Amino acid sequence: MSANIPFAGLTVEAARRALAAHLKDNGIESPDLDARLLLGAALDLDHTGLATQAARKITSDEATVIATYTQRRISHEPVARILGRKEFWGLDLCLSNDTLVPRPDTETVVEAALDILRSESRANQTIRIADIGTGSGAILLALLSELAAASGIGTDIRVGALATAEMNAHRLGLAGRTSFIQCDYAASLSGPFDLIVSNPPYIRSADIAALDPDVRNHDPHLALDGGADGLTAYRIIIPQAAGLLAPDGILILEVGYDQSAPVGEIMRAAGLTLPHPPKADLGGIHRAVIGRKTAF
Ligand code: GLN
């Protein structure tokens, strides 16, 4: 099934078509898009470059790189891992082995935060944000890209993730408003924070083996495995966050498809109120649960 394609000497356009057909034959779900992204990365060409150079010939060095990327993709390594980057909230983020590939679903957390802050006219204030288990820094950096006067701290237990998040902050010109610290969830943070966000691990341990191979074999399990019932991280993070939030502070947590009710209960048990319904993602799944610390 994975016979090598002789890419050398093909035109860029012929290589793109051959690669897409090959990915399709090997059961890859979005062959056209993946072929364009992988070929673009191998040739260092963007979408426009691929079109304007459609007729030029692939060199043998380029063919070697394309063949390597092809082999990696048909063994179900995600395109984002092969490229080492992924777009999130319109930001180009670098990834490493210690970071999850940011998902579009997670943009729901960013949207929920911005909706609330804007509706309360707090979007231009000097608010302080914490992102617990920041990974690539995706949520924190997306928020800071929208909130000009805000600053934030990202935590992660993996130094590799923190180095990646820090690099992303620099590349995006947001380093002056961010800091990153290594700790277990929020253990080393000092409040108060106006907004705390997190996309913690929430997959039930027993469900990990059944995940798509793109996820199971390439995302760090530490960022996926939520323990026996998938809720272990929430039982740690929510009480920590309740103690760190400023009066009127908001906690927004990403959850799995069936977890908004139990996570809401853990928030109530920690003394938070739930003034907003969970926010749904594009698939209609309750993805972001929102709690608030009431002012006394
Ligand atoms: N949304 C991820 C997935 O479906 C899981 C991320 C997480 O556990 N936080 O693979």
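In this text the structure is predicted, and so the values were computed from the model without any measurement. Scope of the values below: all heavy atoms of this structure, side chains included, with no hydrogens, waters or symmetry mates. Read the numbers this way: they start at 1 and go in the same order the structure lists the ligands and their atoms.
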Handout entry: D105 heavy atom under 4.0 Å from ligand 1
Key = no
Exercise for the section: Determine, using heavy atoms of G226 and all atoms of ligand 1, whether some pair is separated by less than 4.0 Å. Expected result: no
Protein contact of [atom] - nearest heavy atom, named by residue and atom, plus distance:
atom: atom 4 (O) of ligand 1; result: I203 CD1, 4.3 Å
atom: atom 3 (C) of ligand 1; result: R103 NH2, 3.6 Å
atom: atom 8 (O) of ligand 1; result: Y202 N, 3.0 Å

Handout entry: Contact atoms of ligand 1, heavy-atom distance to A223 under 4.0 Å
Key = 7 (C), 8 (O), 9 (N)
Exercise for the section: State the atoms of ligand 1, each with its element, that fall below the 4.0 Å cut-off from a heavy-atom position in P200. Expected result: 7 (C), 8 (O), 9 (N)
Practice task
Measure from the side-chain N and O atoms of R81 to the backbone N and O of S96, and report whether any donor-acceptor pair falls under 3.5 Å.
Solution key: yes
Exercise for the section: May I ask you to decide if S136's main-chain N or O and T99's side chain share a donor-acceptor pair within less than 3.5 Å? Expected result: no
Completion exercise
Sequence neighbours excluded, the answer for salt bridge (Lys or Arg N to Asp or Glu O under 4.0 Å) partners of D212 is none
Problem - Side-chain donor-acceptor contact under 3.5 Å, D225 with S205 - result: yes
Practice task
Work out which heavy atom in F180 is nearest to a heavy atom in A169; give both atom names and the distance.
Solution key: CE1-CB, 4.0 Å
Exercise for the section: Quick one: name the residues clustered hydrophobically with I157, using the 4.5 Å side-chain heavy-atom rule over I, L, V, M, F, W, Y, and just say none if it's on its own. Expected result: L222
Handout entry: Within-cut-off N or O pair, V215 and ligand 1, under 3.5 Å
Key = no
